[in-house]
There are 2 protein chains.
Amino acid sequence: MSRSNPRVLSTLERAGGFASAQEIYRLMQREGESIGLTTVYRALQSLVNDKIVDVLRRDDGEAIYRLCGEAHHHHLVCKGCGDTVEIEGGAIEKWAKMMAEEHGFRDVGHTAEIFGLCTKC
Amino acid sequence: MSRSNPRVLSTLERAGGFASAQEIYRLMQREGESIGLTTVYRALQSLVNDKIVDVLRRDDGEAIYRLCGEAHHHHLVCKGCGDTVEIEGGAIEKWAKMMAEEHGFRDVGHTAEIFGLCTKC
DNA sequence: AATGGTAATGAAAATCATTTTCATTTGTGC
DNA sequence: GCACAAATGAAAATGATTTTCATTACCATT
């Protein structure tokens, strides 16, 4: 029953614990792994069911999968050159927790991104 | 240039200020309005550009559009029923500003959403 | 090893939201 | 009326995801 393909999981890990199904598929192809796109999707679904990864959505609607418990971080993205800095969000974590409690929400996650122009742009 | 079709906007309002493009289209059809799906999408895009509505994502990736007040706010969204609470994000504003300064970014904006399960779900 | 059954696999087709293309219509100023 | 830009929408294209279905790998039991 467990379709949690270990090769998919390990690829997700190698991708920085954060990638879409298509990206994982392309990554495995490029590395010469023989796998079907269908299997990648099924493995990811299974990993989500088993609560080993969780899933969010990009702005364009594409699903991205992330290892659970992975210290998660946020991004500071340059609108000009696309350069991205990983930043810490302790303040956000607290804020999210507070807001969730205040409204009786449980099992909460969050997304937060900052975008602007970097020094070069 | 302004493609903000007033019929689309008014339908979105009547839908409770919260609906997907497809839903708005079906609603207008059912009410006998003659409009094309393409036009609905274009009108919604335009409304987003004009900051009259903003757009989030359902769990299945479908985009949902909602009327939004002028005050900058964030969202607490229920993964179960889609219920949304507008929340304040003073902490976020400060955090974003700090992070931007720290890395020399200017002209910054940000997005932040919290999602979880509400009391009913 | 042979058998049978169940789960895993993946290619190809189907689905569904969204975008693009392009020919047509509408509106507006001259 | 005439030209020209903008708006419209049907149909095709796109892209992620799911479904179908035939094949294969895996295991237990003879």
Side-chain angles (χ1 to χ4, degrees), chain A residues 1-12 15-67 82 111, chain B residues 1-12 15-67 77 79 81-82 84 111 113 115:
Chain A
M1 184 56 77
S2 170
R3 293 171 158 182
S4 306
N5 189 315
R7 289 186 297 152
V8 170
L9 179 54
S10 110
T11 306
L12 178 57
F18 201 120
S20 77
Q22 304 279 348
E23 284 164 357
I24 290 171
Y25 175 66
R26 284 194 289 268
L27 233 148
M28 294 179 81
Q29 294 262 299
R30 215 173 305 132
E31 289 173 356
E33 296 243 35
S34 162
I35 197 164
L37 183 55
T38 315
T39 304
V40 173
Y41 273 105
R42 277 195 285 237
L44 287 170
Q45 267 166 198
S46 175
L47 288 164
V48 170
N49 284 346
D50 298 352
K51 314 243 190 220
I52 295 166
V53 312
D54 56 13
V55 52
L56 342 170
R57 293 271 168 187
R58 287 225 183 95
D59 260 9
D60 67 351
E62 192 173 355
I64 49 181
Y65 301 84
R66 172 180 81 181
L67 286 168
T111 61
Chain B
M1 183 55 78
S2 170
R3 293 172 157 181
S4 306
N5 189 314
R7 289 187 296 153
V8 170
L9 180 53
S10 112
T11 306
L12 179 56
F18 198 119
S20 75
Q22 304 279 345
E23 284 163 359
I24 290 172
Y25 175 65
R26 284 194 288 267
L27 234 148
M28 295 180 81
Q29 294 262 299
R30 214 173 305 133
E31 290 173 357
E33 295 243 36
S34 163
I35 196 164
L37 183 55
T38 316
T39 304
V40 173
Y41 273 105
R42 276 194 285 236
L44 287 169
Q45 267 166 197
S46 175
L47 287 164
V48 169
N49 284 346
D50 297 350
K51 317 246 189 215
I52 294 166
V53 313
D54 58 12
V55 51
L56 344 168
R57 292 274 167 186
R58 287 229 183 90
D59 254 14
D60 68 351
E62 193 173 356
I64 48 183
Y65 302 83
R66 66 198 302 276
L67 287 166
V77 187
K79 286 189 282 193
C81 60
T84 302
T111 62
E113 309 258 328
F115 43 89

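Below, read A as the first sequence line, B as the second, and so on, with proteins coming before strands; counting in each chain starts at 1. Owing to the predicted nature of the structure, the values given are computational and were not obtained by experimental measurement.
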Give me the atom names and distance for the closest heavy-atom approach of [X] to [Y].
| X | Y | value |
| --- | --- | --- |
| B/I64 | B/R57 | CG1-N, 4.4 Å |
| A/T11 | A/M28 | OG1-CG, 3.4 Å |
| B/V8 | B/V40 | CG2-CA, 4.2 Å |

Rounded to whole angstroms, how far apart are [atom1] on [X] and [atom2] on [N]?
| X | N | atom1 | atom2 | result |
| --- | --- | --- | --- | --- |
| A/N5 | C/dA8 | CG | C1' | 9 Å |
| A/N49 | D/dT18 | CG | P | 11 Å |
| A/R58 | D/dG15 | CZ | P | 15 Å |
| A/L44 | D/dA16 | CG | P | 14 Å |
| A/L9 | C/dA8 | CG | P | 16 Å |
| B/R7 | D/dA7 | CZ | P | 14 Å |
| A/Y25 | D/dG15 | OH | C1' | 14 Å |
| A/R42 | D/dT20 | CZ | C1' | 10 Å |

**Report entry** Donor on one side chain, acceptor on other, A/Y41 and A/Q22, under 3.5 Å
**Finding:**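 The answer is yes; a qualifying pair exists.
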**Report entry** Between B/S4 and B/D50: side-chain donor-acceptor atoms closer than 3.5 Å
**Finding:**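 A pair is found: one side chain offers a donor N or O, the other an acceptor, under 3.5 Å apart.
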Report task. Using atom types as modelled and distance alone, determine if a side-chain donor or acceptor of A/R7 lies under 3.5 Å from a backbone N or O of A/S34. Result -> yes
Query raised in the report: Can you list the steps and then say if A/Q45 with A/Y65 is a side-chain hydrogen bond (donor to acceptor under 3.5 Å, both in side chains)?
Result: CA-CA 10 Å; A/Q45 267 166 198; A/Y65 301 84; over 6 Å; no
**Report entry** Sugar-phosphate only, base, or nothing, as touched by A/E23 at under 4.0 Å among non-hydrogen atoms
**Finding:** nothing
Requested in this report: Using a heavy-atom cut-off of under 4.0 Å over every strand shown, decide if B/E62 touches base, sugar-phosphate, or nothing.
Outcome: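 Sugar-phosphate, backbone atoms only, no base.
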Report task. Give a yes/no answer on whether the side chain of A/Y41 brings an N or O atom under 4.0 Å of OP1 or OP2 in D/dT18. Result ->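 No, outside the criterion.
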**Report entry** Short side-chain N/O contact from B/Q45 to OP1 or OP2 of C/dT19, under 4.0 Å
**Finding:** yes
Query raised in the report: For the side chain of A/R57, counting heavy atoms from C-beta on, which of C/dT9, D/dG9, D/dT17 is nearest?
Result: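 Selected nucleotide (nearest to the side chain): D/dT17.
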Report task. Give, ordered by number, those residues of residues 31-40 of chain A having at least one heavy-atom distance below 4.0 Å to an atom of DNA chain D; if nothing qualifies, reply none. Result ->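 A/L37, A/T38 - these, ordered by number, are the residues of the stretch whose heavy atoms sit under 4.0 Å from the strand.
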